[in-house]
*Asks:* 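Dumping the structure here so I can ask a few things about it.
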Amino acid sequence: MAGLEGKTAIVTGASSGIGAATARALSDAGARVAGGARRVEELETAIALELDVTDPASCERFVDDAMRELGGLDILVNNAGLGLGRDPFDASTEEDEETVLETNVHGLLRMTRLCLPHVRDDGHIVNMGSIAGRQAYENAAVYVTSKFAVRGFTYALREDLLGRPIHVTTVDPGLVESNFSRVRFRGDEEKATAVYADVEPLRPEDVAECIVFVLTRPSRVNIDELVVKALSQSSPVRIVRHS
């Protein structure tokens, strides 16, 4: 299949984990990539721009600056996202709920709306979902809600864009070893490390390869959703660990 030579791409949350791996993979496949993140100094993309997806003004500046550099858009990867805590919902706080929903849902909607006018024919929007958006599990109500919303929005957007030459996909990974758990447990290294103990999780590069696969199918093909899990995982919480 063809690569991504001559294509332009935006990747949000591109400073680490799946976002950084995806930006590298797209670049390796020939795309010119504009990466956005709050930690702009950690971006390794050809175009590195500050982006806070929870801030409308930041998103507008980012898209304006990225379009000046790229000249048009072929690929949008809405990757920015996070989880906070593993507590029962009655221990949740308004602040944490707003942080998760603003990042995972509103930020994704916002970036899609701002980028859509610039997406060229045969373009592609990839939304980073999660298996949490397919099967609920305990002590993660707000994160689960946010990822169900991403999946629902992806399907609704597909309906709205039907007839236009724009592809839309949600990629739903399972257990991936990244900075995600460190953020979720607010820097508690012991708790973050325990998530990946005695199991071989996915690597960010595994998910990035799946995204490149989705992006390089023939124009007539739309992969609506791609689900990828570690071999030792069958559900969000059912994981075989070998001590």
Side-chain angles (χ1 to χ4, degrees), residues 1 4 9 11-29 31 33 35 37 42-45 75-86 100 103-104 108 124-140 143-144 146-148 150-151 154 169-185 187-217 223-243:
M1 293 296 176
L4 299 175
V11 181
T12 69
S15 60
S16 65
I18 294 172
T22 299
R24 285 193 299 271
L26 298 185
S27 180
D28 290 345
V33 180
E42 297 182 21
L43 291 168
E44 298 179 356
T45 47
I75 299 162
L76 169 63
V77 181
N78 280 312
N79 169 76
L82 53 75
L84 287 176
R86 281 298 309 276
V100 172
T103 305
N104 296 3
L108 185 147
H124 207 133
I125 297 169
V126 177
N127 293 330
M128 187 57 60
S130 167
I131 61 170
R134 311 179 69 85
Q135 183 176 352
Y137 60 99
E138 74 280 3
N139 299 337
Y143 180 71
V144 166
S146 74
K147 291 303 182 178
F148 266 83
V150 168
R151 188 167 173 232
T154 303
T169 302
T170 177
V171 175
D172 295 345
L175 185 67
V176 181
E177 187 167 12
S178 69
N179 199 45
F180 177 86
S181 289
R182 189 173 294 108
V183 172
R184 171 172 251 179
F185 292 111
D188 188 319
E189 291 290 340
E190 184 176 353
K191 288 183 178 179
T193 301
V195 173
Y196 311 110
D198 302 321
V199 66
E200 186 174 10
L202 297 172
R203 300 172 183 174
E205 291 75 18
D206 299 326
V207 181
E209 288 178 8
C210 290
I211 292 172
V212 172
F213 172 82
V214 165
L215 294 171
T216 52
R217 297 310 88 199
I223 297 179
D224 285 16
E225 53 186 358
L226 189 153
V227 183
V228 53
K229 303 173 187 173
L231 184 60
S232 297
Q233 178 181 36
S234 63
S235 75
V237 293
R238 193 156 187 254
I239 300 170
V240 176
R241 299 182 185 272
H242 301 280
S243 57

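The shown structure was predicted, so the numbers you read here are calculated from the model rather than taken from an experiment. Start at 1 with the first residue, then count along the sequence.
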*Asks:* Among residues at least two apart in sequence or on other chains, which ones pass side-chain hydrogen bond (donor to acceptor under 3.5 Å, both in side chains) with T169?
*Replies:*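 Applying side-chain hydrogen bond (donor to acceptor under 3.5 Å, both in side chains) to T169 gives H124.
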*Asks:* Please report the shortest heavy-atom distance between Y196 and E177, naming the atom on each side.
*Replies:* CE2-CA, 3.5 Å
*Asks:* So, for K147 and A132, which heavy atoms are closest and what is the spacing to 0.1 Å?
*Replies:*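 Distance-wise, the nearest heavy atoms are CB-C, 4.2 Å.
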*Asks:* Let's go through R217 and I223 carefully: what are the C-alpha distance in whole Å and the side-chain angles of both, what is the deciding distance for side-chain contact (heavy atoms from CB on, under 4.5 Å) to 0.1 Å, and is it a yes or a no?
*Replies:* CA-CA 8 Å; R217 297 310 88 199; I223 297 179; 3.7 Å; yes
*Asks:* Quick one: does V195's side chain get under 4.5 Å of L175's, heavy atoms only?
*Replies:*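 With C-beta onward as the side chain, the pair touches.
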*Asks:* For S15, which residues count as a side-chain hydrogen bond (donor to acceptor under 3.5 Å, both in side chains) partner, sequence neighbours excluded?
*Replies:*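 S15: side-chain hydrogen bond (donor to acceptor under 3.5 Å, both in side chains) contacts with R39.
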*Asks:* Is there a donor-acceptor pair closer than 3.5 Å between any side-chain N or O of D172 and the backbone N or O of S130?
*Replies:*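 Checked: pair present.
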*Asks:* Taking only residues two or more places apart in sequence, or in another chain, which ones meet N104 in a side-chain hydrogen bond (donor to acceptor under 3.5 Å, both in side chains)?
*Replies:* S146
*Asks:* Go through the structure and list residues passing ring-ring contact (aromatic ring centres under 6.0 Å, His included) with F180, not counting sequence neighbours.
*Replies:* Y143
*Asks:* Would you confirm whether S27, through its side chain, and A23, through its main-chain N or O, come within 3.5 Å as a donor-acceptor pair?
*Replies:* no
*Asks:* Cut-off 3.5 Å, side chains only: do T12 and N79 have a donor facing an acceptor?
*Replies:* no
*Asks:* Can you name the closest pair of heavy atoms from G174 and L202 and give their distance?
*Replies:* N-CD1, 4.2 Å
*Asks:* Which atom names give the shortest non-hydrogen contact between G35 and A14, and what distance separates them?
*Replies:*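 Closest pair (atom of G35, atom of A14, distance): CA-CB, 4.0 Å.
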*Asks:* Listing request: all salt bridge (Lys or Arg N to Asp or Glu O under 4.0 Å) pairs with a residue in residues 201-210, at least two apart in sequence or in separate chains.
*Replies:* R24-E205
*Asks:* In the structure I gave you, are the side-chain heavy atoms of N78 and I125 within less than 4.5 Å of one another anywhere?
*Replies:*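 Yes; the side chains approach each other to less than 4.5 Å.
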*Asks:* Evaluate the criterion side-chain contact (heavy atoms from CB on, under 4.5 Å) for residue pair L226 and I211; output intermediate values, then yes/no.
*Replies:* CA-CA 9 Å; L226 189 153; I211 292 172; over 6 Å; no
*Asks:* To the nearest 0.5 angstrom, please state how far the OG1 atom of T103 sits from the CG atom of L108.
*Replies:* 11.0 Å
*Asks:* Does the pair F185 and L84 meet the rule for a side-chain contact (heavy atoms from CB on, under 4.5 Å), with working shown?
*Replies:* CA-CA 7 Å; F185 292 111; L84 287 176; over 6 Å; no
*Asks:* Partners of E225 by salt bridge (Lys or Arg N to Asp or Glu O under 4.0 Å), sequence neighbours excluded?
*Replies:*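 For E225, the residues satisfying salt bridge (Lys or Arg N to Asp or Glu O under 4.0 Å) (neighbours in sequence not counted) are R134, R151.
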*Asks:* With a cut-off of 6.0 Å (strictly less than), are more than 12 heavy atoms of other residues, nucleotides or ligands near CD of E138?
*Replies:*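 Check passes, neighbour count above 12.
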*Asks:* So, using salt bridge (Lys or Arg N to Asp or Glu O under 4.0 Å) as the criterion, who are the partners of D224 when residues are at least two apart?
*Replies:* R158
*Asks:* Starting at NE2 of H242, measure out to CG of D198 and round the result to the nearest 0.5 Å.
*Replies:* 9.0 Å
*Asks:* With P236, which residues qualify under side chain to side chain contact (heavy atoms under 4.5 Å, CB included), at least two apart?
*Replies:*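 Side chain to side chain contact (heavy atoms under 4.5 Å, CB included) check on P236 returns I131, Q135, Y137.
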*Asks:* Among residues at least two apart in sequence or on other chains, which ones pass side-chain hydrogen bond (donor to acceptor under 3.5 Å, both in side chains) with T45?
*Replies:*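 Counting only residues at least two positions away or on another chain, T45 forms no side-chain hydrogen bond (donor to acceptor under 3.5 Å, both in side chains).
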*Asks:* Quick one: which residue pairs count as a salt bridge (Lys or Arg N to Asp or Glu O under 4.0 Å) with a foot in residues 231-243, not counting sequence neighbours?
*Replies:* none
*Asks:* State which residues pass side chain to side chain contact (heavy atoms under 4.5 Å, CB included) with E190; sequence neighbours excluded, sorted by chain then number.
*Replies:* D188
*Asks:* Quick one, V207 and T22 - any side-chain contact, counting heavy atoms below 4.5 Å?
*Replies:* no
*Asks:* What I'd like to find out is whether the side chain of V212 reaches to under 4.5 Å of the side chain of L26, using heavy atoms alone.
*Replies:*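 Answer yes - side chains close enough.
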*Asks:* Can you confirm whether P201 sits close enough to V176 that some side-chain heavy atom of one is under 4.5 Å from a side-chain heavy atom of the other?
*Replies:*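 Of all side-chain heavy-atom pairs linking V176 with P201, none is under 4.5 Å.
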*Asks:* Of all heavy-atom pairs between G129 and V150, which one has the smallest distance, and what is that distance?
*Replies:*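 Scanning both residues, the minimum pair turns out to be CA-CG1, 4.1 Å.
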*Asks:* Counting heavy atoms not belonging to E200, are there more than 12 under 6.0 Å from its CD?
*Replies:* no
*Asks:* Which heavy atom of I239 sits nearest a heavy atom of V199, and at what distance?
*Replies:* CG2-CG2, 3.7 Å
*Asks:* When you measure from the side chain of R86 to the backbone of N139, do you find a donor-acceptor pair of N or O atoms at a distance under 3.5 Å?
*Replies:* yes
*Asks:* Apply side-chain contact (heavy atoms from CB on, under 4.5 Å) to V171 and N127, showing your working.
*Replies:* CA-CA 6 Å; V171 175; N127 293 330; over 6 Å; no
